[in-house]
Amino acid sequence: MAIPAHYDALSTLELALLDLKEERNWAAYEALRKRDLEEVFEAAVQLLRSPSSRERARGAELLIQAAGHDAKEHRERRARCAEVLLAALPTEQDATVLQEMGRTLGYLEDARAVPVLRPLKDHPDARVRQGVVRGLMPHHGDATALQTLLELSRDGDTSVREEVLSGLALKGEDEVDTPELRDAFLERLSEEASGIRADALVGLAKRKDPRVLAPLRHELESPPFGIAAIEAARYMEDASLLPLLLLAQGTERPMDEAFDEALGFAIDCLMRSRAMKDRSIPELIDLALQGDEDDETAWEAIFELHDRGGDEVFEAAVRLLHSASSRERGRGTDILAQLGGRKRSDALMAKCADEILSALATEQDADVLGSMGVALGHLRDARAVPALQPLKDHPDEGVRMGVVMGMMPQRDPLAIQTLIELSRDSDEDVRNWATFSLGTQAEDVDTPELRDALFDRLTESDMELRGEALVGLALRKDPRVLEPLRRELESSEVVVLAVEAARALEDLSLLPLLHRLRDPPGKADSYFRGVLAEAISHLESLA
């Protein structure tokens with residue numbers, strides 16, 4: 001979007017006021033984005049002191065931009081932004097401003113917001129209570145924050161309850177799990193609002209709470225049901241739900257692609273669970289060794305061994321790891337990679353990594369080396385970086401892929417540099433995963449070299465690979481991505497990653513392109529439409 005030349009003569013505050021007009025001045029918004037963060041901070045502070053509630057709300061929102069996008073790099077700046085809001089919040093009376101302050105404090109993830117926001121949980125205006133939810137959600141691990149969220153899950157306003165349940169349902173058992181949280185999910189199963197009910201089902205199923213089984217069965221017996229009920233059945237891993245899913249699969253009714261895929265995946269997971277639960281460990285080991293590398297039954301046995309865990313499984317896997325057979329060494333590695341399942345301890349992960357790192361030093365087989373790289377990625381062990389880095393130029397692409405997977409969780413400069421080099425690999429799959437690792441998984445790392453590596457991938461012929469690069473650049477607010485992203489959104493076939501990049505970039509000039517994707521009828525599945533709706537909603541909220 002062209003920015004009028006005379007805007008250069010305007011102060012940042014003047015630009016912010018232009019941007020505040022009833023019809024968003026997009027040129028002013030673009031010019032504002034290019035201003036120094038400190039200037040934006042000063043403008044936000046002045047707006048927060050304004051007698052106009054509309055200007056104060058804009059000031060609270062503007063602090064998101066002033067805070068910078070990198071939580072680590074801009075830690076001190078974010079703390080300053082939070083301090084300004086925390087000082088202004090106790091005397092603020094306007095509901096819209098309070099809501100915006102809560103939203104911004106949630107973005108800043110400052111723990112000092114918890115005691116300041118808690119008194120607002122009983123505010124008479126639902127918008128304020130929504131802001132409290134947004135502000136406290138990043139602190140669900142704090143007892144006071146969680147207790148406040150649980151109280152708001154019983155709020156009299158549907159939109160507030162939905163805000164709480166949708167946020168908490170995204171959290172897994174390993175992030176937060178208390179009896180009170182489970183009870184809060186259980187209470188919401190009687191909701192008329194299907195979205196709240198669905199979030200409650202998923203929240204309980206993730207925690208394997210047996211009380212969800214009967215309500216979930218009732219939901220699956222009362223079509224039409226949504227993808228959330230299918231996901232809850234998958235998380236619950238109870239084979240008694242399988243007949244209901246099979247019945248839904250056999251029903252002749254319109255299904256979009258995302259629903260059909262979710263249903264098929266859930267059925268596959270439950271069938272695996274039913275087939276493997278009664279097997280002994282020696283039987284599971286025998287099954288794990290059958291077929292080729294991708295044999296489904298072998299992997300079902302491996303997944304069951306992961307969940308079962310224990311010393312017997314560990315010792316059996318170590319024996320395989322030191323076998324003369326490369327097939328057995330590979331399967332021993334696969335078992336150790338995620339031994340203990342979701343409940344594995346740090347000590348167990350380190351113990352498994354010790355075994356794999358020791359064996360890696362003398363391993364020569366390419367397939368086994370690839371498996372070891374993947375396993376070290378699952379184990380998130382920092383010792384993988386120096387151990388795998390010499391293999392980045394290995395002639396086998398499977399080994400190089402293993403290097404990518406092993407480096408993915410690491411933020412060591414050597415790991416990032418290795419991923420940058422592998423983002424230019426001759427193999428497309430290796431380039432794709434390395435680009436994904438840099439762009440999305442290493443979002444908290446931002447260097448000129450990393451950005452240039454992502455930018456280089458925008459000329460790829462593969463749409464998914466280009467999409468990963470678009471998202472990575474957009475998350476870092478790199479201005480070079482705007483025009484390539486605009487071209488991607490204007491093309492005849494648009495991947496969901498381009499829509500995600502538009503949301504992450506937060507450039508309002510992309511809104512018309514997103515609207516055009518939404519308006520015409522097309523073949524987009526429900527997942528694409530959901531991401532698109534979320535991107536449009538997010539950008540419109542900025543406007």
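Partners of Gln410 by side-chain hydrogen bond (donor to acceptor under 3.5 Å, both in side chains), not counting sequence neighbours: none found. Arg503 meets the side-chain contact (heavy atoms from CB on, under 4.5 Å) test with Glu534, Ala535, His538; sequence neighbours excluded. For Asp396, there are no salt bridge (Lys or Arg N to Asp or Glu O under 4.0 Å) partners two or more places apart in sequence or in a different chain. The side-chain hydrogen bond (donor to acceptor under 3.5 Å, both in side chains) check on Thr144 picks up nothing, with sequence neighbours excluded. For the side-chain hydrogen bond (donor to acceptor under 3.5 Å, both in side chains) test, residues two or more places apart in sequence or in another chain that qualify with Gln147 are Glu151.
Each of Glu468, Glu397, Glu421, Glu460 was evaluated against Arg431; a single residue qualifies, Glu460, per the salt bridge (Lys or Arg N to Asp or Glu O under 4.0 Å) test. For the side chain to side chain donor-acceptor pair (under 3.5 Å) with Asp155, the qualifying choice from Arg129, Arg161, Lys121 is Arg129, the only one to do so.
Not one N or O on the side chain of Ser537 forms a donor-acceptor pair closer than 3.5 Å with the backbone of Ala533. At distances below 3.5 Å, not a single donor-acceptor pair connects side-chain atoms of Arg486 with backbone N or O atoms of Leu510.
A cation-pi arrangement is present between Arg80 and Phe41 under the rule of less than 6.0 angstrom and at most 45 degrees off the ring axis. Judged by the 6.0 Å and 45° rule, Arg134 forms no cation-pi pair with Tyr107.
Contact of the His378 side chain with the Met349 side chain is not registered, since no non-hydrogen atoms from C-beta on lie closer than 4.5 Å. Considering only heavy atoms from C-beta on, Arg451 comes within 4.5 Å of Arg480 through its side chain. With a 4.5 Å cut-off on side-chain heavy atoms, Ser159 and Gln130 count as touching. Side-chain contact check for Leu47 versus Leu17: some heavy-atom pair is nearer than 4.5 Å.
A salt bridge links Glu38 with Arg77: at least one charged nitrogen is closer than 4.0 Å to a carboxylate oxygen.
Inspection of the His515 and Glu540 side chains reveals an N or O donor paired with an N or O acceptor under 3.5 Å.
Applying the ring-ring contact (aromatic ring centres under 6.0 Å, His included) test to residues at least two apart or on different chains, the pairs with a partner in residues 436-478 are Trp433-Phe436.
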